[in-house]
Structure formats: C-alpha cells, structure tokens
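Structure first, commentary second.
All residue numbers refer to positions in the sequence shown, counting from 1.
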Amino acid sequence: AAIAAAYRARSSTGRARLSWLLICAGTFSWACGETVWSYYELISNRDTPFPSWADLGFLLFPAFALPGLLTRPAAAFSRNGRARMLLDGVMVAGSLFSISWATALGQVFKTSDSHDLAMLVSLAYPVTDLMMMTIAVLVLAQARFRSGLLMLVSGLGAMALADSGFSYLNATGAYSTGSLIDIAWTGAFLLLGLAATLDAGWDSRPGVVSISAGYLTLPYALVLIGIGAAAPGIINGSRPDLGISAVAIVALLIRQLLTVLENRQLASSLDEQRGALHYQAFHDTLTGLDNRALFYDRLNHALELHRRDMRPVSLLFCDLDDFKIINDTLGHDAGDQVLIAVAERLRATMRTGDTVARLG
C-alpha cells in the first residue's frame with residue numbers, strides 16, 4: 001500500500017500529490033510497526049508487549065492519514081460547504097462515537113484503569129479511527145463517484161473495524177495473533193493499495209452548489225443509528241450516551257435550520273434571477289427599451305382591444321437618417337451613445353401607458 005501510494009503521489013500534482021504522500025507516510029509507519037510486531041512474534045517467539053514500539057507505528061497511521069484526507073480536494077471543504085460540513089461532522093462523529101461506545105470504546109474504558117498507559121493506547125485506536133471515518137464519510141458523501149475514493153474509504157472502514165475489534169478483544173483478554181479480526185487489517189491495506197492504483201482523478205468542485213441525495217440523508221441516518229445504539233445506555237442512565245446523543249440531536253436541529261435558511265435564500269435568489277431573465281428577454285440590452293418581441297406582443301394586444309372596443313391605436317415608426325455615417329466616422333461606441341440619447345428623449349415624450357421599442 002505504501003509503494004502504491006508513493007507511485008500515485010509521483011504521478012499527481014498539487015494537493016492530490018500531498019494527500020497521497022501523507023497516506024504513503026501513514027501506511028509506511030504502519031509497516032514499521034508491523035515489522036516490530038513480527039519481530040516479537042516470529043523471531044523472539046514471545047507475545048508482543050502492550051503497549052510497545054509497534055503501537056507507535058500503528059498510531060502514526062491515523063496521524064498521517066487524517067491530514068491526507070483533509071488535504072484531498074473536495075467540495076466538502078469549500079467555503080460554501082464549511083458550515084454544513086462542521087455540523088454534519090458533529091452529527092457523524094457523535095453517531096460513530098455512540099456506536100463505538102456501545103461496543104469497543106465503552107468496553108475498553110470500563111475494563112481499564114483510568115491512569116493506565118495501556119488503556120490510553122487502547123482508547124487511541126478507536127478514537128483516531130472515529131476521526132478518520134468522520135472525515136471520510138463527509139468527503140465520500142459530497143464527491144462524485146470515484147472507484148479510488150470508494151476503495152480508500154472502504155480501506156479506512158476496514159481499518160476502523162480491525163482497530164475497534166482489537167481494542168475490544170484486548171480489553172477482555174480474548175485477543176491473540178491470528179484472530180479473525182486480523183483479516184480486516186489485511187483487507188484494509190489491500191483496499192488502500194487498490195485505491196492508489198485505481199484513483200484516476202480527484203474531485204475538486206469548489207463552486208458546485210448541487211448536493212447529492214446521499215449527502216443530504218447520510219448524516220441523518222447515522223444519527224438515528226447512533227441513537228439506537230445509545231438507547232440501552234440512555235435507559236440505564238449512562239451520561240456519555242445521553243450527552244453524545246444530545247449533542248448530535250442539537251447539531252441535527254441546527255443543521256435543519258441552516259438548510260431552511262439556505263432554501264429561503266435560494267428561493268429569493270431564483271426569484272431575482274427569474275425577474276432579471278424576464279427583463280432581458282423583453283428589453284433591449286443597450287437602450288433599455290422594449291425589444292421586438294415585447295413590441296409585437298403589445299401591438300397585437302392593442303389591436304385586439306381595437307377590434308373589440310374600437311379603442312384607437314397609434315403607431316409611430318422612427319428611423320435615424322444617415323446613422324451609418326456616425327458609426328463609420330466616429331466609431332460604434334459613439335453610435336451607441338446616439339442610440340441611448342434618442343431612446344431617452346423618446347421615452348421622456350411618451351405617456352406611461354405607451355410603448356417605446358427598438359426594432360433594429
């Protein structure tokens with residue numbers, strides 16, 4: 001995975017290159033930790049102490065991978081998306097925390113001494129993975145479909161599953177090398193290597209205002225799942241479950257309020273654009289007079305009133321003699337100024353209900 005990420009970084013530029021370099025550093029640091037682990041298991045023929053230097057290499061992976069995700073160009077981190085991303089991040093993180101607390105994180109906390117270094121290292125695995133998965137979910141939800149990005153997020157998800165399973169089994173004394181949970185680590189780095197191999201492009205859409213249905217629904221769905229996972233703890237009076245669920249719900253309500261306000265602003269902007277387009281469709285852009293389309297519409301309307309009620313209709317057609325000479329001698333800019341001046345004088349001499357239009 002480290003070699004594949006390095007190869008992808010070499011063929012990329014800008015932020016994409018920096019992102020893959022950070023992911024390369026993270027996967028390489030994990031390889032170093034795995035080397036130490038393998039030394040204890042295969043050469044020394046003894047169980048790896050916990051914590052050990054191997055854990056330093058393992059925990060450096062999220063330290064590099066998280067900035068790698070944040071560096072990746074995505075619409076989630078554009079100016080217009082930052083407030084929404086912050087609220088969605090609170091919702092997603094709170095939900096994932098509730099799920100983790102109901103499984104690995106809570107078990108590690110309950111079975112360890114609060115001052116024990118092993119407990120802090122055990123907690124560091126699910127906590128850092130929770131942070132990575134929060135950012136990964138937000139980036140994936142806003143991005144166009146990319147096989148490389150999907151593999152990248154899937155690899156981080158497999159990593160989070162393996163770390164959480166390891167922390168839980170280690171806290172209960174049930175972990176041993178060769179457990180089924182180790183398959184998730186192997187799969188995680190296989191997916192990360194495929195991500196670097198298959199990633200053919202980066203999703204950088206800073207100006208996009210359209211939002212996918214998945215991005216709209218995913219944070220809400222995770223909040224419901226998180227509350228469901230925290231429900232037994234809330235019923236039993238667990239303060240962490242209650243507090244995290246309350247934070248997620250408050251973020252959800254603020255997010256919904258922000259969505260309503262954005263929709264109102266969007267509706268107002270659309271009304272203004274519709275009015276501007278209507279004006280442009282029926283008015284001359286240079287003089288501001290009615291154009292040919294509006295002139296014919298009002299003329300036909302006036303004639304219909306004349307046929308029905310014998311209402312009188314007056315039509316005056318004006319042309320500018322020798323106007324071509326002005327354009328040829330003084331230039332088209334001077335000709336435009338003449339047209340604007342004539343339009344202003346004609347408009348000033350007409351009544352409010354009269355139509356002054358430019359036909360040519």
Salt bridge (Lys or Arg N to Asp or Glu O under 4.0 Å) between Arg347 and Glu344, worked out:
CA-CA 5 Å; Arg347 189 186 294 111; Glu344 292 176 350; 5.9 Å; no

Answer yes if Leu320 and Ile326 sit in the same cluster of Ile, Leu, Val, Met, Phe, Trp and Tyr residues linked by side chain heavy atoms under 4.5 Å apart, and no otherwise.
yes

Is there a donor-acceptor contact under 3.5 Å from the side chain of His306 to the main chain of Arg311?
yes

So, do Thr186 and Asp182 sit near enough that their side-chain heavy atoms are less than 4.5 Å apart?
no

Donor-acceptor contact below 3.5 Å, side chain Asn291 vs main chain Ala293
yes

Taking all non-hydrogen atoms of both residues into account, name the closest pair between Gly26 and Ser29 and its distance.
O-OG, 2.6 Å

Would you say the side-chain atoms of Asp55 pair up with the backbone N or O of Ser52, donor to acceptor, closer than 3.5 Å?
yes

Given 3.5 Å as the limit, does a donor-acceptor pair link the side chain of Asp328 with the main chain of Gly331, or not?
no

Around Tyr40, counting heavy atoms of other residues, nucleotides and ligands shown, do more than 12 lie under 6.0 Å from its OH?
yes

Using atom types as modelled and distance alone, determine if a side-chain donor or acceptor of Ser19 lies under 3.5 Å from a backbone N or O of Gly68.
yes

Might you point out which heavy atoms bring Trp37 and Ala54 nearest each other, and give the distance in Å?
N-CB, 4.0 Å

How close do Met159 and Ala188 get, heavy atom to heavy atom, and via which atoms?
N-CB, 3.7 Å

Indicate yes or no for a side-chain donor-acceptor contact from Ser269 to the backbone of Gln265 under 3.5 Å, with no hydrogens or angles considered.
no

Would you check if the side chain of Ser268 reaches a backbone N or O of Arg264 as a donor-acceptor pair within less than 3.5 Å?
no

For side-chain contact (heavy atoms from CB on, under 4.5 Å), just list the numbers for Leu198 and Met151, CA-CA rounded to whole Å, side-chain angles, deciding distance to a tenth of an Å, and then say yes or no.
CA-CA 8 Å; Leu198 299 176; Met151 290 289 181; 4.2 Å; yes

In Å, rounded to the nearest 0.5 Å, how long is the span from OG1 of Thr27 to CZ of Phe64?
10.0 Å

Ile23 and Phe61: CA distance, side-chain angles, deciding distance, side-chain contact (heavy atoms from CB on, under 4.5 Å) verdict:
CA-CA 8 Å; Ile23 294 175; Phe61 172 78; 5.6 Å; no

Locate the shortest heavy-atom distance separating Ala184 from Leu161; write the atom from each residue and the value.
CB-CD2, 4.4 Å

Measuring from Leu294:CG to Asp284:CG, what's the distance to the nearest 0.5 Å?
11.5 Å

Using modelled atom types and a 3.5 Å cut-off, is there a donor and acceptor pairing between side-chain atoms of Ser11 and backbone atoms of Arg8?
yes

Is the ring pair Trp30/Phe189 parallel, tilted or perpendicular, if the boundaries are 30 and 60 degrees?
tilted

Counting C-beta onward and ignoring hydrogens, is there a side-chain heavy-atom pair between Phe282 and Asp297 closer than 4.5 Å?
no

Pair Arg358, Asp290 - check salt bridge (Lys or Arg N to Asp or Glu O under 4.0 Å), show working.
CA-CA 6 Å; Arg358 179 186 175 194; Asp290 300 340; over 6 Å; no

Same cluster or not: Leu191 versus Ile183, using hydrophobic residues (I, L, V, M, F, W, Y) connected whenever any side-chain heavy atoms lie under 4.5 Å apart?
no

With a 6.0 Å cut-off (strictly less than), is the heavy-atom count around CG of Leu180, excluding the residue itself, greater than 12?
no

Identify the heavy atoms of Ser12 and Trp20 that sit nearest to each other, and give their distance.
OG-CD1, 4.2 Å

From Asp309 CG over to Glu304 CD, what is the distance, rounded to the nearest 0.5 angstrom?
11.0 Å

To the nearest 0.5 Å, atom NE2 of His332 lies from atom CD of Gln337 at 14.0 Å

Could you grab the distance from atom CG of Leu261 to atom CG of Leu266, nearest 0.5 Å is fine?
12.5 Å

What residue among Leu316, Val356, Thr287, Asp354 forms side-chain contact (heavy atoms from CB on, under 4.5 Å) with Leu346?
Val356

Please round to the nearest 0.5 Å and tell me the distance separating atom CD1 of Ile3 and atom CZ of Phe28.
10.0 Å

Would you say Leu303 and Phe295 are hydrophobically clustered, going by side-chain heavy atoms of ILVMFWY under 4.5 Å?
yes

Provide the closest heavy-atom pair for Val313 versus Ala302 in the form atom of the first, atom of the second, distance.
CG2-O, 3.6 Å

Side chains of Tyr39 and Thr35: does their closest heavy-atom pair fall under 4.5 Å?
no

Are Trp185 and Trp53 joined in one hydrophobic group, where the rule is that I, L, V, M, F, W and Y side chains link up if heavy atoms are under 4.5 Å apart?
no

Mutual orientation of the aromatic rings belonging to His283 and Tyr279 [parallel < 30°, tilted 30-60°, perpendicular > 60°]
parallel

Is there a chain of hydrophobic side chains (I, L, V, M, F, W, Y, each step under 4.5 Å between heavy atoms) that links Leu359 to Val342?
no

